[in-house]
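These numbers were taken from a predicted model, which means no experiment stands behind them. What you see below is based on every heavy atom in this structure, not just the backbone, and it leaves out hydrogens, waters and symmetry mates.
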Amino acid sequence: MADYTLRAARQADQSSIRRLIHLGGINPTGLDWKRFVVAVSSDGEVIGCGQLKPHGKDVLELASIAVHPERRRAGIASAIISHLLGDVPRPLYLMCRSPLGPMYEKYGFRVLEPAEMPTYFRRISSLVGMVEALRREGETLLIMKLQ
């Protein structure tokens, strides 16, 4: 049985969300607490988070999935992802490091070629490709889509 619950984020969770994003090494831009779902431990600590982030009116991104390092590998990220995928309109996009691609494929996401990407993601993909210092050895940035 899970020792945490999922709920919509509250304004008071904003600093905890930022801390988790920092710990996860995730891009800290666009962190509007109103779009987040958080996992809260039985003692009230925010231990995981994720959001649905809009990019204009027609593009929605599954983003900012983060779990406290001491709580990873306990199904928290999966619970957050499943919750966020609930009744969300399709298509839904995401960006992740290449080693995480297989995890998202389990939910039905597939890797996109640049020509298939919305403009926002094509720009990000191109920028990351140009900034070699941001890449970890053997990893690339994947842009994925769920129909």
Side-chain angles (χ1 to χ4, degrees), residues 1-112 117-131 133-136 139-147:
M1 180 181 228
D3 63 341
Y4 63 89
T5 57
L6 296 180
R7 64 165 170 77
R10 301 175 184 143
Q11 188 171 8
D13 298 324
Q14 194 166 338
S15 62
S16 296
I17 290 169
R18 289 192 181 285
R19 180 178 54 85
L20 286 171
I21 296 303
H22 175 74
L23 287 171
I26 297 171
N27 178 353
T29 60
L31 301 180
D32 183 349
W33 65 268
K34 295 177 214 89
R35 297 189 298 249
F36 275 82
V37 166
V38 293
V40 181
S41 69
S42 56
D43 64 358
E45 180 186 4
V46 174
I47 56 173
C49 64
Q51 70 168 320
L52 293 173
K53 184 176 175 182
H55 298 286
K57 65 178 184 170
D58 296 327
V59 177
L60 192 59
E61 176 187 8
L62 176 68
S64 308
I65 307 299
V67 174
H68 192 282
E70 294 175 5
R71 301 298 298 258
R72 291 182 184 155
R73 305 244 181 252
I76 298 168
S78 293
I80 292 168
I81 292 166
S82 294
H83 180 84
L84 289 170
L85 292 179
D87 291 326
V88 72
R90 306 294 196 261
L92 180 64
Y93 298 86
L94 68 82
M95 289 187 287
C96 66
R97 295 185 335 267
S98 56
L100 297 174
M103 178 186 75
Y104 289 108
E105 287 173 348
K106 292 176 187 176
Y107 294 96
F109 285 90
R110 67 176 181 83
V111 177
L112 298 177
M117 296 176 192
T119 303
Y120 171 82
F121 293 105
R122 197 169 30 250
R123 285 183 190 145
I124 295 294
S125 180
S126 176
L127 181 62
V128 169
M130 289 186 279
V131 185
L134 296 178
R135 293 175 65 185
R136 293 183 177 161
E139 294 183 5
T140 59
L141 178 72
L142 300 179
I143 309 297
M144 302 178 80
K145 179 180 180 180
L146 177 64
Q147 288 291 75

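No side-chain donor-acceptor contact under 3.5 Å links R73 to the backbone of R71. Of the possible donor and acceptor atoms, one in the side chain of S82 sits under 3.5 Å from a partner among the backbone N and O of S78. Checking side-chain atoms of R122 against main-chain N and O of M117 turns up a donor-acceptor pair under 3.5 Å. Listed for the E61 side chain is no donor-acceptor partner under 3.5 Å among the backbone atoms of Q51. With R35 contributing its side chain and P54 its backbone, the two residues share no donor-acceptor pair below 3.5 Å.
Counting only heavy atoms from C-beta outward, the side chains of Q14 and I17 never approach each other to under 4.5 Å. You'll find the side chain of P69 reaches within 4.5 Å of the side chain of L23, heavy atoms only. For the pair H68 and L20, the minimum side-chain heavy-atom distance is below 4.5 Å. The shortest distance between side-chain heavy atoms of Y4 and I76 falls below 4.5 Å. When side chains are defined from C-beta on, V38 does not count as touching L6, because their heavy atoms never get closer than 4.5 Å. Side-chain atoms of L31 and F36, non-hydrogen and from C-beta on, do get closer than 4.5 Å to each other. Contact of the Y107 side chain with the L62 side chain is not registered, since no non-hydrogen atoms from C-beta on lie closer than 4.5 Å.
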Margin query: Please determine whether side chain to side chain contact (heavy atoms under 4.5 Å, CB included) holds for the pair F109 and L85, giving the CA-CA distance in whole Å, both sets of side-chain angles, and the decisive distance to 0.1 Å.
Written below: CA-CA 11 Å; F109 285 90; L85 292 179; 4.2 Å; yes

Checklist line | L52 vs V37, side chain to side chain contact (heavy atoms under 4.5 Å, CB included): CA-CA, chis, key distance, verdict | finding: CA-CA 9 Å; L52 293 173; V37 166; over 6 Å; no

Checklist line | Working for side chain to side chain contact (heavy atoms under 4.5 Å, CB included), residues I47 and E70 | finding: CA-CA 9 Å; I47 56 173; E70 294 175 5; over 6 Å; no

Next item on the list: Test R90 against L146 for side chain to side chain contact (heavy atoms under 4.5 Å, CB included), laying out the working first.
Entry: CA-CA 7 Å; R90 306 294 196 261; L146 177 64; 3.2 Å; yes

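Ring to ring, Y93 and H55 are not that close: their centroids are 6.0 angstrom or more apart.
Of all the heavy atoms in N27 and I21, the pair that sits closest is O-CG2, 3.9 Å. Heavy-atom minimum distance, I80 versus A39: CD1-CB, 4.2 Å. The shortest non-hydrogen separation linking V67 to A77 is CG2-N, 3.7 Å. The two residues P91 and K145 have their closest heavy-atom pair at CB-CE, 3.3 Å. When all heavy atoms are compared, the tightest approach of K53 to T29 is NZ-O, 3.1 Å. In terms of heavy-atom proximity, V46 sits nearest to S16 at CB-CB, 3.7 Å.
A distance of 5.0 Å separates OH of Y104 from CD1 of I65, quoted to the nearest 0.5 Å. Distance check, rounded to the nearest 0.5 Å: CG of L94 to CG of L60 gives 11.0 Å. Here the CE-CZ distance, from M95 to F121, works out to 5.5 Å after rounding to the nearest 0.5 Å.
For the salt bridge (Lys or Arg N to Asp or Glu O under 4.0 Å) with D13, the lone residue among R19, R18, R7, K34 that qualifies is R7.
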